[in-house]
Amino acid sequence: AQSVTQLGSHVSVSEGALVLLRCNYSSSVPPYLFWYVQYPNQGLQLLLKYTTGATLVKGINGFEAEFKKSETSFHLTKPSAHMSDAAEYFCAVSDFSGGNQFYFGTGTSLTVIP
Amino acid sequence: SQTIHQWPATLVQPVGSPLSLECTVEGTSNPNLYWYRQAAGRGLQLLFYSVGIGQISSEVPQNLSASRPQDRQFILSSKKLLLSDSGFYLCAWRQGAGNIQYFGAGTRLSVL
């Protein structure tokens with residue numbers, strides 16, 4: 001079975017500061033890993049994904065994440081936070097099991113302080 | 001390009017009334033389809049998924065049901081809503097051989 005743990009349900013950073021959202025996963029097979037962002041009353045939008053190859057992946061809006069197999073982690077970072085980054089962020093893991101299911105973390109709400 | 005539509009965007013229903021939420025996908029064929037619920041302050045809970053017409057898998061026992069009458073149509077229903085059914089419902093699709101889930105805009109359901 002696969003699972004995702006997001007440490008910190010709420011994270012606050014100052015505008016211009018580093019954003020670090022943590023995600024650890026559990027998977028018995030090589031995982032596919034994703035970060036999604038959700039703005040209020042909207043659906044989820046894909047930020048970035050890791051499937052194979054380079055372990056540092058870059059996404060939209062200046063975000064990036066690094067897959068670290070030894071730490072079973074896929075933390076999301078952004079060097080400088082903008083006010084528009086305030087949203088809910090979800091980490092997810094998937095594989096090619098029959099149901100093609102995604103397993104989502106419980107989400108991290110990011111607040112950006114001006 | 002592919003698009004996913006969910007409606008209605010918001011819905012207020014009394015306890016005990018029926019429910020029907022619809023989701024359709026355009027621009028693809030034979031997608032995997034998913035219904036999630038997001039309760040206030042909580043993560044995503046997978047309710048149902050479907051890998052084909054008439055094929056529904058339920059993840060959790062509940063007051064809801066799902067149907068897939070057509071290849072790109074996924075419907076979430078209830079005969080009698082409960083207060084606990086309130087939440088944000090998201091439909092998603094995924095191409096069987098691919099690995100990204102694409103989400104609809106969601107339906108905010110309030111049961112009063």
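Letters go in sequence order (proteins before strands), and every chain restarts at 1.
- Side-chain contact between A/Ser94 and B/Gln101 is absent, with no heavy-atom pair separated by less than 4.5 Å.
- B/Tyr102 OH to A/Gln45 CD: the interatomic distance, rounded to the nearest 0.5 Å, is 11.5 Å.
- Connection of B/Leu81 to B/Leu83 is established within a shared hydrophobic cluster, with ILVMFWY side chains joined at heavy-atom distances below 4.5 Å, either directly or through further cluster members.
- Within the 4.5 angstrom heavy-atom criterion, atoms from both the backbone and the side chain of A/Leu44 approach chain B.
- No single ILVMFWY cluster, assembled from side-chain heavy atoms under 4.5 Å apart, contains both B/Phe48 and B/Ile75.
- Of the two parts of A/Ser9, neither the backbone nor the side chain holds a non-hydrogen atom closer than 4.5 Å to a non-hydrogen atom of chain B.
- Under the ring pair (Phe, Tyr, Trp, His ring centres under 6.0 Å) rule, B/Tyr36 has a single partner from A/Phe104, A/Phe102, A/Phe90, A/Tyr103, which is A/Phe104.
- Taking hydrophobic clusters as Ile, Leu, Val, Met, Phe, Trp and Tyr residues chained together by side-chain heavy-atom distances below 4.5 Å, A/Leu7 does not share a cluster with A/Phe74.
- Rounding to the nearest 0.5 Å gives a distance of 6.0 Å between CD of A/Gln38 and CG of B/Leu90.
- At a threshold of 4.5 Å between side-chain heavy atoms, the hydrophobic network of Ile, Leu, Val, Met, Phe, Trp and Tyr places A/Ile60 and A/Phe67 in one connected group.
- Under a hydrophobic clustering in which Ile, Leu, Val, Met, Phe, Trp and Tyr are joined whenever their side-chain heavy atoms come within less than 4.5 Å, directly or via other members, B/Leu64 and B/Val15 fall into the same cluster.
- When ring centroids are compared, A/Tyr36 and B/Phe103 come within the 6.0 Å threshold.
- Taken from OG1 in A/Thr106 to CD in B/Gln45, the straight-line distance is 13.0 Å, to the nearest 0.5 Å.
- Atom CG in A/Asn41 sits 9.0 Å away from atom OG1 in B/Thr10 (nearest 0.5 Å).
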